[in-house]
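We count ligands from 1, going down the list as the structure has it; atoms in each ligand are counted the same way.
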Amino acid sequence: MFLRGLEADRIADVAERRVVEPESTELVSRMLGGDRLALAKLITRVENRHPDTPRILSAIHPHCGRAYTIGVTGPPGAGKSTLVDRLAAWLRERNYRVGVVAVDPSSPFSGGAVLGDRIRMQKHFLDEGVFIRSLSTRGTHGGLARATRHVVRLLDAFGKDFVLTETVGVGQTELDVARLADTTVVVLVPEAGDTVQAMKAGLLEIADIFVVNKADREGAQRLAQELRGMLELRPASGWQVPVLLTSAEKGEGIDELAARILEHRDFLARSSSREERAARVRREEFRQMLAEEIGRRIEAALENGRFAELLGQVDRGEVEPFEAVLRILDAEDAADLLRPEGRKTPEGGVSGP
Ligand code: GDP
């Protein structure tokens, strides 16, 4: 009787834990069946680099490749959020399913907890066709571009036709994120007036479409002219980068912007550049993940004390650092360093020299 009670408790406990923490594979099948909560949980897992991340990504892989990604980037306050909302609404009106990933490298918040999200959700919350998520550096171990890529892929597998990524700011992270998109829209405003700054930040290279937002303000036409002038100096490619004027707040210029995005999509499809871009993104992802994972495993090996003696020698200046690196990497059992922790060769694995 007593044992039975214990057993029942244990089962209840396990069952409860399953409710709180479902298996990733279960989440994937629920997500593929249209469960938004499962999608949200999976996003949290890949964002935080949950140990199941590779399994999740492999499971969704066959369901990916359909979504078209639009990256919207530019300085803070340029009107990106407003513009993304307008674009999302435009796409929804045409019955496309839309995902939005707002990437803020400077924000300590993530997981949809930022105020902006809530305000937006009010507009879209009844609309099952839009899924909005914020990402920040917290939890992503600095791998914001990686996290974004994985979240985009989840939204793709979920069945989104378009995924809009919005990056705040103009740093390297933002450029990395922007490069993931099929079409990159760079948003500038007249008062920034600082096209030179934008060019320095590398925005000219990544823009497929330029938007001068807040066209209701003075200087918009002049900025647009400046941009067109700069674009003319660029080597000709098959795509002529348009410079468009919008007033996102009033919803002006959105039809034209959306039309140009779809035109760019057609252009990519025609010129097979989309496949080339996708291949480049995948290759880049592979390289990044490989380097990241190797680094992580080597860190783990260093931390578990296997090289304590050598590290001590490095600390004391007795062994030159590069020499120490070579001693580890040129050792016969160096490959064992790359095995996940706890998986050593039968002979005992890599040992300190
Ligand atoms: P983000 O930081 O680039 O995402 O910019 P937001 O979308 O948050 O917009 C920043 C501010 O500019 C907000 O107060 C918007 O209401 C305002 N804004 C956005 N679009 C326009 C526009 O076309 N004209 C004017 N005058 N203000 C705008």
Query - Over all atoms of both residues, closest heavy-atom pair of D216 and S247 - result: OD1-OG, 3.2 Å
Query raised in the report: Which protein heavy atom lies closest to atom 12 (O) of ligand 1, and at what distance to 0.1 Å?
Result: K214 NZ, 3.0 Å
Report summary line: Taking only non-hydrogen atoms of D216 and a 4.0 Å limit, the atoms of ligand 1 in range are 22 (C), 23 (O), 24 (N), 25 (C), 26 (N)
Query raised in the report: With respect to atom 4 (O) of ligand 1, which of S247, A248, S81 exhibits the smallest heavy-atom separation?
Result: S81
Report task. Among residues two or more places apart or on two chains, list those pairs meeting ring pair (Phe, Tyr, Trp, His ring centres under 6.0 Å) that have a residue in residues 73-102. Result -> Y96-F162
Query - Test side-chain hydrogen bond (donor to acceptor under 3.5 Å, both in side chains) applied to T183 and D208, step by step - result: CA-CA 6 Å; T183 299; D208 296 308; 5.0 Å; no
Query raised in the report: What do you think, any protein heavy atom under 4.0 angstrom from atom 17 (C) of ligand 1?
Result: yes
Query raised in the report: Looking at N213, which atoms of ligand 1 are within less than 4.0 Å of one of its heavy atoms?
Result: 19 (C), 20 (N), 21 (C), 23 (O)
Query raised in the report: For ligand 1, which atoms, with element, lie under 4.0 Å from some heavy atom of R217?
Result: 26 (N)
Query raised in the report: Starting from atom 5 (O) of ligand 1, which protein heavy atom do you reach first, and at what distance in Å?
Result: G79 N, 3.0 Å
Query raised in the report: In the protein, what heavy atom is nearest to atom 14 (O) of ligand 1, and what distance, to one decimal place, separates them?
Result: E249 OE2, 4.5 Å
Report task. Could you pull out the closest heavy-atom pair between A67 and D182, with the gap in Å? Result -> O-OD2, 4.1 Å
Query raised in the report: What pair of heavy atoms forms the shortest contact from V319 to E323, and how long is it?
Result: CG1-CG, 3.7 Å
Report task. Determine whether T73 and I206 make a side-chain contact, defined as any pair of heavy atoms from C-beta on separated by less than 4.5 Å. Result -> yes
Query raised in the report: What are the two closest non-hydrogen atoms of R97 and D161, and how far apart are they?
Result: N-OD2, 2.7 Å
Query raised in the report: In terms of hydrophobic clusters joined by side-chain contacts under 4.5 Å, are I298 and L290 together?
Result: yes
Report summary line: re atom 2 (O) of ligand 1, the protein heavy-atom contact at minimum distance is G77 N, 2.8 Å
Requested in this report: Looking only at protein heavy atoms, identify the closest one to atom 7 (O) of ligand 1 and say how far it is in Å.
Outcome: T82 OG1, 2.5 Å
Query raised in the report: Considering only heavy atoms of K80, which atoms of ligand 1 have at least one such atom less than 4.0 Å away?
Result: 1 (P), 2 (O), 3 (O), 4 (O), 5 (O), 7 (O)
